[in-house]
2 protein chains.
Amino acid sequence: MDELHEVVEQRLGSAGSRYTRGRRRLVDELCTAGHPLTVRELLHRAETLSTSSVYRNLAILEACRVVRQIPSLSDDGVRVELHEDLTGHHHHLGCSSCGDLVDVVLPEEIESALARATAEVESTTGFRAEGHRLELFGTCHSCQ
Amino acid sequence: MDELHEVVEQRLGSAGSRYTRGRRRLVDELCTAGHPLTVRELLHRAETLSTSSVYRNLAILEACRVVRQIPSLSDDGVRVELHEDLTGHHHHLGCSSCGDLVDVVLPEEIESALARATAEVESTTGFRAEGHRLELFGTCHSCQ
DNA sequence: CTACGTGCAAACGGTTTGCACTAGA
DNA sequence: TCTAGTGCAAACCGTTTGCACGTAG
């Protein structure tokens, strides 16, 4: 966690930005949540921060590759999570009932199959791929 | 194409809705485009339709499983495409530069690997999966 | 001391809704 | 005929912006 804050401070610093209490709070909440949060949830969890500061800080943290936005299927708005640089590559299980998004790490087998498929797409279409995003959607355990 | 309209008419009919000129126009545009369109693009292509009608019709077509919404990574709003029931299972290549989304059908090998991974996730997490969504992001041929 | 960051309130823009009118079966 | 669909304009609401004040370094 200290390590995380250190990396974040460094990334903000090299962009000429400060690691203020508000920004630290956002990173803390995202880290302890352990899964993507909606802006609404972030606003609620960090009640001392004003709406505009949350939006402004998320934009800055995104530009510094500290967080990233995830477009959500269920319509409760965009979600935010710590960048994969900081948490490691993973995917999401999305519950169509409660809308929650949970992290999941898939076996190496599937990741390498995806890498192979990506290479094939690149060579047949001329598209240059930088990465992939996979979501399994369905019903989570507590909603069944 | 006639076949498509027939299926759509049937799905609308069984929901007590009519297949009007406006709805047919939306389906036509989505079909000829051959890839997901933003609402803005749809509004532009079907200029005879009012904004409110487009939104209302998209909601109805979505409820009847004729179209589906795709949350977009690049922030030009939500995209709409014909439902996979009508077009077949596929994924998307998303260009981070121009924002375009192109359909791609992946080899059976990767689909079965995804199915295997999904089954594993279901048994280890209790999540009940209904399907998956995969997007490869990068730079399209014309943006390189 | 001098940016940068913050809160507040107003502005913005995509989406939705109310209502009177039109059109499909 | 009679219900569903449509256009227009207003309302809505999540997000962004302007501005004056606060704070980190």
Side-chain angles (χ1 to χ4, degrees), chain A residues 5-6 8-29 36-64 66-80 99 101, chain B residues 5-6 8-29 36-64 66-80 99 101:
Chain A
H5 284 306
E6 210 168 308
V8 172
E9 182 157 27
Q10 188 176 350
R11 293 197 183 180
L12 284 167
S14 53
S17 300
R18 298 166 184 159
Y19 199 19
T20 59
R21 212 174 312 161
R23 293 172 188 175
R24 187 175 291 265
R25 180 66 183 273
L26 290 176
V27 170
D28 276 336
E29 293 297 343
L37 298 177
T38 62
V39 175
R40 174 188 295 277
E41 286 169 335
L42 267 176
L43 281 166
H44 186 251
R45 285 169 184 240
E47 8 54 79
T48 59
L49 288 174
S50 73
T51 307
S52 52
S53 289
V54 168
Y55 281 107
R56 276 192 278 236
N57 286 331
L58 286 177
I60 286 165
L61 291 170
E62 189 174 17
C64 293
V66 172
V67 306
R68 68 165 183 173
Q69 292 201 9
I70 301 170
S72 66
L73 295 167
S74 44
D75 249 356
D76 39 12
V78 83
R79 284 164 191 274
V80 181
L101 222 55
Chain B
H5 285 307
E6 210 168 310
V8 172
E9 181 157 27
Q10 189 175 351
R11 293 197 183 179
L12 284 168
S14 54
S17 299
R18 298 167 186 160
Y19 199 20
T20 59
R21 213 173 313 162
R23 292 172 189 175
R24 186 175 292 263
R25 180 66 182 271
L26 291 176
V27 170
D28 277 337
E29 293 298 343
L37 299 177
T38 62
V39 175
R40 173 187 297 276
E41 287 169 334
L42 268 175
L43 281 166
H44 185 252
R45 285 169 183 240
E47 8 55 80
T48 60
L49 288 174
S50 72
T51 308
S52 52
S53 289
V54 168
Y55 281 108
R56 277 191 277 234
N57 286 331
L58 286 177
I60 285 165
L61 291 170
E62 189 174 17
C64 293
V66 172
V67 306
R68 68 166 183 171
Q69 293 200 7
I70 302 169
S72 67
L73 294 166
S74 45
D75 249 355
D76 40 10
V78 84
R79 283 163 192 273
V80 180
L101 222 55

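Values below: all heavy atoms of this structure, side chains included; hydrogens, waters and symmetry mates excluded. The chains referred to below are lettered A, B, ... by the order of the sequence lines, with proteins before strands, and numbering in each begins at 1.
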Can you name the residues that form a side chain to side chain contact (heavy atoms under 4.5 Å, CB included) with Arg11(A), not counting sequence neighbours? Val7(A), Cys64(A), Arg65(A), Val66(A), Asp85(A), Leu86(A)
Measure the distance from CG on Leu42(A) to P on dG14(D) and round it to the nearest whole Å. 15 Å
Nearest-Å distance, CD1 (Ile60(A)) to P (dT17(D))? 12 Å
From dT16(C), dG5(C), dT16(D), pick the nucleotide closest to the side chain of Arg23(A)? dG5(C)
Which protein N or O atoms sit under 3.5 Å from an N or O of nucleotides 9-14 of chain C?
residue : atom : partner  : partner atom : Å
dG14(C) : OP1  : Arg40(B) : NH2          : 3.1

How many whole angstroms separate atom CZ of Arg25(B) from atom P of dG7(D)? 12 Å
Which residues pass the side chain to side chain contact (heavy atoms under 4.5 Å, CB included) test with Glu41(B), not counting sequence neighbours? Leu37(B), Thr38(B), Arg79(B)
Ser17(A) side-chain N/O to Gly13(A) backbone N/O, donor-acceptor pair under 3.5 Å: no
His5(A): ring-ring contact (aromatic ring centres under 6.0 Å, His included) partners, not counting sequence neighbours: Tyr19(A)
Taking only residues two or more places apart in sequence or in another chain, which ones pass salt bridge (Lys or Arg N to Asp or Glu O under 4.0 Å) with Arg25(B)? Glu29(B), Glu47(B)
Heavy atoms only: give me the nearest Val78(A)-Ile70(A) pair and the separation to one decimal. CG2-O, 3.5 Å
Taken to the nearest whole Å, CD/Gln69(B) to C1'/dT16(C) is 13 Å
Listed pairs, N/O of protein and of nucleotides 21-25 of chain D, under 3.5 Å:
residue : atom : partner  : partner atom : Å
dA24(D) : OP1  : Arg21(A) : NH2          : 2.9

Just the rounded figure in Å: distance from C1' of dT16(C) to CG of Leu43(B). 14 Å
Counting heavy atoms not belonging to Arg40(A), are there more than 12 under 6.0 Å from its CZ? no
Could you pull out all residues at least two apart from Glu62(A) that satisfy side chain to side chain contact (heavy atoms under 4.5 Å, CB included)? Val67(A), Gln69(A)
Contacts of type side-chain hydrogen bond (donor to acceptor under 3.5 Å, both in side chains), residue Ser53(A), not counting sequence neighbours: Ser50(A)
Indicate the atoms forming the closest heavy-atom contact of Arg23(A) with Leu61(A), along with that distance. O-CD1, 4.5 Å
Read 5' to 3' with Watson-Crick or G-U pairs under 3.5 Å, [ ] for crossing pairs and | for partners on another strand, DNA chain C gives |||||||||||||||||||||||||
Nearest whole angstrom, please: distance from the C1' of dT17(C) to the CG of Leu58(B). 16 Å
Taking only residues two or more places apart in sequence, or in another chain, which ones meet Thr51(A) in a side-chain hydrogen bond (donor to acceptor under 3.5 Å, both in side chains)? none
Quick one: Arg56(A) CZ to dC4(C) P, roughly how many Å, whole number? 14 Å
Leu49(B) CG to dC8(D) C1', straight-line distance once rounded to whole Å: 14 Å
Have a look at Thr48(A) and say if it touches a base, only the backbone sugar-phosphate, or nothing, with a 4.0 Å heavy-atom cut-off. sugar-phosphate
